[in-house]
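Down below is the structure, laid out as structure tokens.
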Amino acid sequence: MKNVKIIIENALKHDIKVRGYISCIVNCPYEGKIKPKIVANLTEFMLQCGCCEISLVDTIGISSPNKIKSLLHELKHISSDMNKFAIHCHDTYGQALVNIYASLECGIRTFDSSVAGLGGCPYTLGASGNVATEDLLYLLHEQGSKLESISMK
């Protein structure tokens with residue numbers, strides 16, 4: 001953790017914004033189920049170090065809306081500003097859009113996606129790509145969301 005803090009501090013000294021990522025927010029291919037409190041503690045640490053935003057990643061794509069909501073509920077104890085958080089869903093079992101919908105209901109407004117759902121996870125056999133940008137845009141449009149900006153990162 002000390003190295004993470006040093007890296008973030010050095011970036012901030014050079015006016016570089018830091019967006020932190022926490023992989024395996026619900027399940028891990030090596031450790032199994034991840035408790036929301038563990039993710040909350042890591043998130044709090046990264047925010048205290050100076051990250052402007054934390055992307056919460058369902059790396060292996062096996063989460064569910066209830067698990068996402070449980071995690072986001074835990075994060076509200078750290079920050080009521082849900083704009084500090086982003087969601088990054090892989091679509092291994094076709095749950096990415098429903099997990100994003102659950103995140104929307106909890107106040108998340110930033111989502112990572114990829115064209116045609118490209119991507120994957122080299123550490124997890126069978127893990128598919130990210131949620132497809134075109135599917136995400138369709139969901140947001142049909143929910144009446146006003147798309148203020150689309151950022152390609």
Check: Asp58 side chain, Ser63 main-chain N or O, donor-acceptor pair, under 3.5 Å: yes

Side-chain donor or acceptor of Thr92 paired with backbone N/O of Ile60 under 3.5 Å: yes

Residue His77 excluded, over 12 heavy atoms near NE2 under 6.0 Å: yes

Heavy-atom closest contact (Ile78 atom, Ala40 atom, distance): CD1-O, 2.8 Å

Min side-chain heavy-atom separation Ile87-Thr110 under 4.5 Å: no

Min side-chain heavy-atom separation Asp81-Lys84 under 4.5 Å: yes

Approximate separation, where rounding is to 0.5 Å, of Asp91 CG and Ser113 OG: 11.5 Å

Any Val26 side-chain heavy atom under 4.5 Å of Ile62 side chain: no

May I have the list of side-chain donor-acceptor pairs in residues 94-107 shorter than 3.5 Å, sequence neighbours left out?
from: Gln95; atom 1: NE2; to: Tyr93; atom 2: O; distance (Å): 3.4
from: Asn99; atom 1: ND2; to: Gln95; atom 2: O; distance (Å): 3.1
from: Ser103; atom 1: OG; to: Asn99; atom 2: O; distance (Å): 2.9
from: Glu105; atom 1: OE1; to: Lys69; atom 2: NZ; distance (Å): 2.9

Flag, side chain of Glu134 to backbone of Ala116, donor-acceptor distance under 3.5 Å: yes

CG-SG distance between Leu136 and Cys89, expressed to the nearest 0.5 angstrom: 9.5 Å

Atom CD of Glu31: over 12 foreign heavy atoms under 6.0 Å: no

Verdict with supporting geometry, Lys13 and Asn10, side chain to side chain contact (heavy atoms under 4.5 Å, CB included): CA-CA 5 Å; Lys13 284 179 188 175; Asn10 284 328; 3.9 Å; yes

Close side-chain approach of Ser55 and Arg19, heavy atoms under 4.5 Å: yes

Nearest atoms (heavy-atom pairs only) where His88 meets Asn130: NE2-OD1, 2.9 Å

Least distance between heavy atoms, Asn27 atom then Lys33 atom: OD1-CG, 3.7 Å

Min side-chain heavy-atom separation Phe85-Leu75 under 4.5 Å: yes

Heavy-atom side-chain proximity of Ile54 to Ile22 below 4.5 angstrom: yes

CG-CD1 distance between Leu12 and Ile7, expressed to the nearest 0.5 angstrom: 12.0 Å

Residue pair Cys52 / Lys17: nearest heavy atoms and the distance that separates them: SG-CB, 4.2 Å

For the student: nearest non-hydrogen atoms of Cys24 and Thr59, plus distance: N-OG1, 3.1 Å

Gap between atom CG of Leu71 and atom CG of Asn66 - 0.5 Å precision: 12.5 Å

Nearest-0.5 Å distance that lies between atom CD in Gln143 and atom NE2 in His141: 11.0 Å

Lys35 side, atom NZ; Ser70 side, atom OG - distance, nearest 0.5 Å: 12.0 Å

Within-4.5 Å side-chain heavy-atom neighbours: Leu72 and Leu56: yes

Pairwise side-chain contact, Lys5 with Phe45, heavy-atom cut-off 4.5 Å (strictly under): yes

Whether Thr133 side chain and Ser114 backbone form a donor-acceptor pair below 3.5 Å: yes

Under 3.5 Å donor-acceptor, Thr43 side chain and Val39 backbone: yes

